[in-house]
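The next block holds one structure in the form of structure tokens; read it before the comments.
The structure presented is a predicted model; accordingly, all values stated were derived computationally and were not measured. Only this structure's heavy atoms are used, side chains among them; waters, hydrogens and symmetry mates stay out. Every chain is numbered from 1 and lettered A, B, ... according to where its sequence line falls, protein lines coming before strand lines.
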Amino acid sequence: MDSEDCVVETEAASTGVDGLPTRRRFLTGVASAAGAAAVGTRGVRAQESTPAERRPDWGGWLNGLDGGYRDARGQDSVTVRVGTTGNGGAFAFEPAGLWVDPGTTITFQWTGQGGGHNVVADSGDAEIDSGDPVAEAGYTYETTVEAAGITNYVCEPHQALGMKGAVAVGDDVPTVAYGPPGTGGEEEESGGILQAIADSSPGITVVLLFYAMSGLGVTLVLGAEYGGKLYRWRQKVINADVTETEEAPAVEAEQEIGHDEYDPTGTAALVVFYLIIITFMWVFMYFVEFLGRATVGV
Amino acid sequence: MTFIDDYPHEAKLVRYCFAVAFAALGVGGLLGLVQALHRTGVLRIIDSSDYYTVLTAHGVLLALVFTTFFIAGLFRWAVTRSLERGVVSQRYSWLWFGTLLTGTILAAVPILAGFFPNVPMSADVLFTFYPPLQAHPVFYVGAVLLIVGSWLAGADYFRSFAGWRRENPDERIPLQTFMVLTTMLMWYLATIGVAAEVLFFLIPWSLGLIQTVDPLLSRTLFWFFGHPVVYFWLLPAYLVWYTILPKLSGGRLLSDPLARIVFVLFLLLSTPVGFHHQYVDPGIPSGYKFVAMVNTMFLLLPSLLTAFTVVASMEHGARQRGGKGRLNWLRALPWDNPAFVGCALAGLMFAAGGFSGMINAGMNINYLIHNTLWIPGHFHLTVGTAAALTYMAVTYWLLPQLTGKELALKKWALVQPYLWFVGMTLMSNAMHRGGLAGIPRRTAEPQYDQVSFDAVVGSVSEMRLQIALGGTLLFVSLVLFLAVLVATWLGPRVEQISVNSAIPEPLSGSDHAPLVLDNLRLWAAIAVLLVIIAYGIPIWSMLADGPFAPGSPPFPV
Amino acid sequence: MEIHRFEKLWGLVSVLLIVGFITTIAYGAVFVGVEMVDASGGQIQADELNQHPQFSDPGVYQTGPNSYDVYIVAEQFQFRPGTQSPLRLPADSEITFYVTSADVTHGFNVVGTNVNTMAIPGQIAKLPVTFNEPGTYGIVCHEYCGAAHHEMAGSIVVVPPSQYDGPSGNTSVVAAPGDLGAVGVGK
């Protein structure tokens, strides 16, 4: 259940420490985006005259995350469930996006799924801090939010998985129009595979292109060269009717060497050489690499 | 007449086993390439959370399916050939094949379902499936059937042997059959651990019949099996190196008795060593870890003896082919024979893999490399090359005998083992150095904000490049191998193949081997005793505080 | 049974090599003092960590003028403490790590050192160590523990003893060594 798949821009490829690209689900993206690529950049604008709903502008905090949205203004208290199914496991808040009036009491209620969770504010002024992670079903944490504005919060151990939420307090928060796909001033997923390739680093594109061209080239060359041969060979196979197969005769040794006249001197030299190498490597590994580091008990 | 004419049913059985094995190798190998490119950051086409689904499939398909099916086929060929007898019952042989195949499918379906979020089945638990991570129950059932199928296959070989023994009461067990039987005895003992873990704990737990399992006990039962399984993979390669490689080299095996001694040592020592995979586990007193270490270190002995015997047999062949000089005879070996090249390079690579294994075996130096990238560096040299490359190489020699067809695309077959060797050298050396820098294994994105890895030699980015490049070369080599297989399979029957299957007598024959070596019951009994000494008390104390305690509830993945 | 004399010699050399390896390990254990992780850390119920005197509030506890106990909980997907903010420890003092898991099996490896163990739910891993070199050491989870395993990391900052002003954020409980024993909570 995507909370914000209609709003805001295409998820950019994020990069890790080395600047190497990591990418979202390429394969399923291909399947769904193939349709989008065929259709083109923008969807059809809805023709209804109902005004688009406005929701808090989370600023990308909840992009692509599960959990949903609720507008709970006008209520004194509201419950947010912690550890609902989503984000690849039980790593979602439900609702992830919440809009309340100042003075509302939010009760965070643990589902018991997904291991230990907590709720800690990441940015913003609302007081949200449930302490150390808890895994029990039915555990609750209550807080009353007064400070106006948007507060982003996380579950610390599962932050990296996308267990994030946000609460907007009061009417005076930045908002953005929200509507069915194709309406409003938002960009659409466009281009599908081509978009994904364009987002990644140029080096990867070049490598992929190189592989594709080589593969094509090799296929063409081999096909041309062997096409004819293959046909004639298959004809020979189909027409073969051998029922018994002989083996090649044994190869005579140039010189027979018997048991008593054989001394494996070469082998002796090789194994001694091996022994010297592994003895040296063992001493190096043990006394330099191993004992050279902080060690348990020492 | 070749094998397919003398034993048509057995040839068919072996072909089917090889077909499943190499299909698994193909898929598993492709997934390995995806991993190599993903974790180095070179190319990421999947989500990092899906990496663990890929890794599970890679481990299960290669380390369990590819190996077991290949070995089952190879052993059936070896027993048939050396006893000159086929199977006792054709129906029974299809029963064990069917059981293995059913187990494979049942395990594979939940694993692959992990790629599809709408399918409520997954098994992202990796090949070690440590609880409290939990897979779908069908995965565990599949794993059990795979083990049971292998037990049934073993019984098939023992039945053939029993029939032969009735007619040959005084003869020595032919060497290849001896090797098969000792390996299977070791396997029966070894699989007790994982069978108990899965049957008594994991299946009921995944069905909700019991609430908790003890993670430490489960790990211990797994590694009871997890170490000897590598010898289950290695000993068939040793069978090839001892009995076939000398002939390919143009010579004879140096010593039959020594080969028997080596296999008996493996039967005795393969299992009571599992704690060396748990040196840094809490909850296990260090005395048992020390016992496991001593056993493990002595397990080096049969491998070091093998190195000598096999190389000496190759030298014999080279000299019979006219090779001279202290080391010049190496050039007289048949480097234009793909089966020879694969076996020889596999053996060479095993010497390196053996060294990193010596480090792993050291009880305290294990702290240096436990669960780092060094570990996959090590096992890609051993199971990934010594075993896998040997299996591929001996297939080049066996396939004409099993099909009555000539090996196709011979030039590609000759390039394939060299390419594998180069690719593995690049990938594995970088993995070893990466491990010394602290880079973890089993991790989709080993790039962290808070952690920097310092290389001992070289740099982390150069290591990543070597892993990606090496992995790519390995995949190309695999494609070449599969192409040779398919082309051969599609080719015509010929009247004469260019392979000769006769295996000459060893220089020092079985009549020189003490009779006691053939006393399989004695060795099996001693093996059981050693296991009780190594594992009896620790496992009993883990059970004594409650078989399910300290217990953990499931964490489904 | 005839064995070639070269091979007999090689067999002897191999046994000597093996004995040499075992001796090296024993030397490390007896003379250098390397200790293996064992059962002395005790056991614990993984879902009742908040009933344990130290694991309910994990962190650094001073136990003597120059010794500290550091309790760390490994859980999906962080080390507590260690991930949200770096652990601060003084160099040249006796640190004892106590590591356990709140959920599944994790790894605990202080990169660049030999402090390397498994965090197994139900078990407590006890690792005494001294850091002689100040600096920042990363902590990595190296055992697959779920979908975000690759996000699980932390760090330890080791400062020269003069710059260390005691454990902060935890009550400096002076506990006698061995206070823990086998804390089997609610079996």
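- The shortest side-chain heavy-atom distance between A/H259 and B/S508 falls under the 4.5 Å cut-off.
- Only the side chain of B/L327 comes within contact range of chain A, with heavy atoms under 4.5 Å apart.
- Residue B/N364 touches chain A through both its backbone and its side chain, counting heavy-atom pairs closer than 4.5 Å.
- When heavy atoms are compared at a cutoff of 4.5 Å, A/Y274 approaches chain B solely by way of its side chain, counted from C-beta outward.
- Using a 4.5 Å cut-off between heavy atoms, A/A269 touches chain B through its side chain atoms alone.
- In terms of modelled atom types and a separation under 3.5 Å, the side chain of B/E315 and the main chain of A/G266 share a donor-acceptor contact.
- In this structure, the portion of B/R321 lying under 4.5 Å from any heavy atom of chain A is its backbone and not its side chain.
- No part of B/T309 comes within reach of chain A, as not one of its non-hydrogen atoms sits under 4.5 angstrom from that chain.
- Between the side chain of B/Q496 and the backbone N or O of A/E247 there is at least one donor-acceptor pair closer than 3.5 Å.
- Between chain A and the options B/S461, B/S501, B/A502, heavy-atom pairs under 4.5 Å are most frequent for B/S501.
- Within the 4.5 Å cutoff, no side-chain heavy atoms of A/E246 are placed close to those of B/D5.
- In this structure, the side chain of A/Y262 engages the main chain of B/A312 through a donor-acceptor pair within 3.5 Å.
- At a 4.5 Å heavy-atom cutoff, B/I4 makes no contact with chain A through either its backbone or its side chain.
- Taking 4.5 Å as the limit, every side-chain heavy atom of B/V311 sits out of range of all side-chain heavy atoms of A/V271.
- Residues B/I359 and A/Y286 fail the side-chain proximity criterion, which asks for heavy atoms closer than 4.5 Å.
- With hydrogens and angles disregarded, no donor-acceptor distance shorter than 3.5 Å links the side chain of B/E495 to the backbone of A/V242.
- With a 4.5 angstrom heavy-atom cutoff, A/V251 does not touch chain B via any of its atoms.
- Residues of residues 290-298 of chain A lying under 4.5 angstrom from chain B, judged on non-hydrogen atoms, are A/F290, A/R293, A/V296 by number.
- B/I369 does not touch chain A: none of its heavy atoms, backbone or side chain, sits under 4.5 Å away.
- The contact between A/D263 and chain B is made entirely by backbone atoms, counting heavy-atom distances below 4.5 Å.
- Proximity of B/I365 to A/E289: side-chain heavy atoms (C-beta onward) are nowhere separated by under 4.5 Å.
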